[in-house]
Undergrad: 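Okay, handing you the structure first.
Each residue takes its place number in the sequence, starting with 1.
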Amino acid sequence: KESQNTWPAVQYVVSRKFIEKNCLRFIIGYLHEDLAWTGSLFIYVEKAGICTLPWYYHRMQRKGSITSTSNPRRVCDVLELSEVILRVLKEENVMKDRYQLISKRVFSSILSILSQYRLADSNGKKQIIECIKKHRKMLKEFRSKKAKILMCMFKIIGIKNSLNLFCALQNIKSVFR
């Protein structure tokens with residue numbers, strides 16, 4: 001099974017000096033806190049190297065893991081942390097090309113986590129819809145075609161119907177992989 005984790009912190013080796021210089025910290029109390037940490041890392045990094053050798057194994061479907069359980073809080077936390085990243089991007093006055101790269105990755109994380117909607121019970125689905133409503137203004141800030149389509153879907157057929165359609169399309173896509 002393929003991981004839905006779009007940019008986990010464990011993929012990056014970062015010097016302590018760099019972390020301290022840029023005050024990089026994991027935000028306590030959130031699931032998927034590596035989203036905000038990695039987003040901040042990309043804001044400040046000036047150069048990087050790539051190691052093509054596999055050095056990390058992501059254990060999938062481990063009992064009790066946040067990546068193997070359905071929890072509306074996962075969706076809400078990703079939306080909340082995405083808003084944090086966008087705010088930092090603006091505060092740090094990040095160059096346009098870097099802003100676009102980071103915001104594209106953030107939106108990929110949002111799309112990935114929205115597939116959790118189909119796994120949620122009726123109460124969880126309501127919570128996810130409320131989180132989306134709460135972060136609707138932030139979602140409008142993404143400029144990609146996918147983001148614009150999602151926002152149009154929310155406006156035309158509603159959030160609930162849009163999420164049901166999105167999850168159905170994701171399911172069809174996974175069948176044809």
Side-chain angles (χ1 to χ4, degrees), residues 1-9 11 27 29-40 42 58-90 94 96-177:
K1 182 174 173 163
E2 191 175 311
S3 173
Q4 289 186 335
N5 197 338
T6 55
W7 51 346
Q11 287 183 331
I27 301 174
Y30 288 91
L31 302 175
H32 302 289
E33 69 279 4
D34 52 342
L35 176 70
W37 191 89
T38 308
S40 296
F42 288 161
H58 186 173
R59 293 187 328 177
M60 301 288 293
Q61 299 177 339
R62 182 174 46 88
K63 187 177 179 182
S65 167
I66 63 166
T67 59
S68 67
T69 56
S70 177
N71 183 345
R73 180 176 166 207
R74 291 179 61 199
V75 178
C76 295
D77 282 1
V78 166
L79 291 171
E80 188 77 35
L81 293 168
S82 297
E83 194 160 322
V84 168
I85 295 169
L86 291 181
R87 187 172 51 248
V88 173
L89 282 168
K90 290 176 187 171
V94 174
K96 185 179 179 180
D97 59 337
R98 190 174 294 214
Y99 184 99
Q100 288 173 337
L101 174 73
I102 295 169
S103 65
K104 183 179 178 181
R105 293 290 296 268
V106 170
F107 191 72
S108 292
S109 296
I110 292 170
L111 284 181
S112 177
I113 202 69
L114 286 179
S115 65
Q116 289 292 305
Y117 181 80
R118 70 182 165 85
L119 303 174
D121 61 19
S122 60
N123 188 41
K125 288 180 179 185
K126 287 177 186 174
Q127 288 177 313
I128 291 169
I129 290 169
E130 288 306 311
C131 287
I132 290 171
K133 287 178 181 177
K134 177 182 174 187
H135 295 284
R136 184 178 249 154
K137 185 177 178 183
M138 178 267 301
L139 290 168
K140 289 179 182 178
E141 293 183 37
F142 293 100
R143 300 288 178 221
S144 70
K145 286 180 186 177
K146 289 179 182 179
K148 289 178 181 178
I149 291 168
L150 186 65
M151 293 310 296
C152 281
M153 287 173 58
F154 286 169
K155 188 175 184 177
I156 295 168
I157 63 173
I159 295 172
K160 179 181 177 180
N161 291 331
S162 298
L163 290 172
N164 284 324
L165 179 59
F166 173 77
C167 290
L169 292 172
Q170 289 292 98
N171 204 26
I172 291 168
K173 186 177 153 185
S174 68
V175 168
F176 292 104
R177 277 191 192 147

Undergrad: What is the distance from atom NZ of Lys140 to atom CZ of Phe154, rounded to the nearest 0.5 Å?
TA: 11.0 Å

Undergrad: Does any N or O in the side chain of Ser82 come within less than 3.5 Å of the main-chain N or O of Val78, such that one atom is a donor and the other an acceptor?
TA: yes

Undergrad: Apply side chain to side chain contact (heavy atoms under 4.5 Å, CB included) to residues Val84 and Leu35 and explain how you reach the verdict.
TA: CA-CA 10 Å; Val84 168; Leu35 176 70; over 6 Å; no

Undergrad: Give, for atom CD1 of Ile156 and atom CG of Asn161, the distance between the pair rounded to the nearest 0.5 Å.
TA: 12.0 Å

Undergrad: Between Leu81 and Ala36, what is the shortest heavy-atom contact and its length?
TA: CD2-CB, 3.9 Å

Undergrad: Return the minimal non-hydrogen interatomic distance between Glu141 and Tyr99, and the atom names on each side.
TA: OE1-OH, 4.3 Å

Undergrad: My understanding is that only residues two or more places apart in sequence, or in another chain, count here; which of them pass salt bridge (charged side-chain N to carboxylate O under 4.0 Å, His left out) with Lys148?
TA: none

Undergrad: CG of Leu139 to CG of Leu79: how many Å apart, nearest 0.5 Å?
TA: 6.0 Å

Undergrad: For the pair Ser109 (side chain) and Arg105 (backbone), establish whether a donor and an acceptor sit closer than 3.5 Å, ignoring hydrogens and angles.
TA: yes

Undergrad: Please name all residues satisfying salt bridge (charged side-chain N to carboxylate O under 4.0 Å, His left out) with Glu83, sequence neighbours left out, ordered by chain then number.
TA: none

Undergrad: Nearest 0.5 angstrom please: Glu80 CD to Lys134 NZ, how far?
TA: 4.5 Å

Undergrad: In Å and rounded to the nearest 0.5 Å, what is the CD to SG distance from Glu130 to Cys76?
TA: 9.5 Å

Undergrad: Looking only at non-hydrogen atoms, find the nearest pair between Cys167 and Tyr117 and report the distance.
TA: SG-CB, 3.9 Å

Undergrad: Working note: Ile149 + Lys146, criterion side chain to side chain contact (heavy atoms under 4.5 Å, CB included); need CA distance, chi angles, decisive distance, verdict.
TA: CA-CA 5 Å; Ile149 291 168; Lys146 289 179 182 179; 5.7 Å; no

Undergrad: For Phe107 and Ala147, work out which heavy atoms get closest and say how close.
TA: CZ-CA, 3.3 Å

Undergrad: Any side-chain heavy atom of Ile159 sitting closer than 4.5 Å to one from Arg136?
TA: yes

Undergrad: Answer yes or no: is there a donor N or O on one side and an acceptor on the other, between the side chain of Asp121 and the main chain of Gly124, under 3.5 Å?
TA: yes

Undergrad: Please report the interatomic distance CG(Leu86) to CD1(Ile102), rounded to the nearest 0.5 Å.
TA: 10.0 Å

Undergrad: Show your reasoning for whether side chain to side chain contact (heavy atoms under 4.5 Å, CB included) applies to Leu89 and Val106.
TA: CA-CA 12 Å; Leu89 282 168; Val106 170; 5.9 Å; no

Undergrad: Taking side chain as C-beta onward, heavy atoms only, is His32 less than 4.5 Å from Asp77?
TA: no

Undergrad: Between Phe142 and Met138, which heavy-atom pair has the shortest distance, and what is it?
TA: CE1-SD, 3.5 Å

Undergrad: Hey, are the side chains of Ile27 and Trp37 touching, using non-hydrogen atoms and a 4.5 Å cut-off?
TA: no

Undergrad: Dump the intermediate steps for side chain to side chain contact (heavy atoms under 4.5 Å, CB included) on Phe166 and Arg118, then the final yes or no.
TA: CA-CA 9 Å; Phe166 173 77; Arg118 70 182 165 85; over 6 Å; no

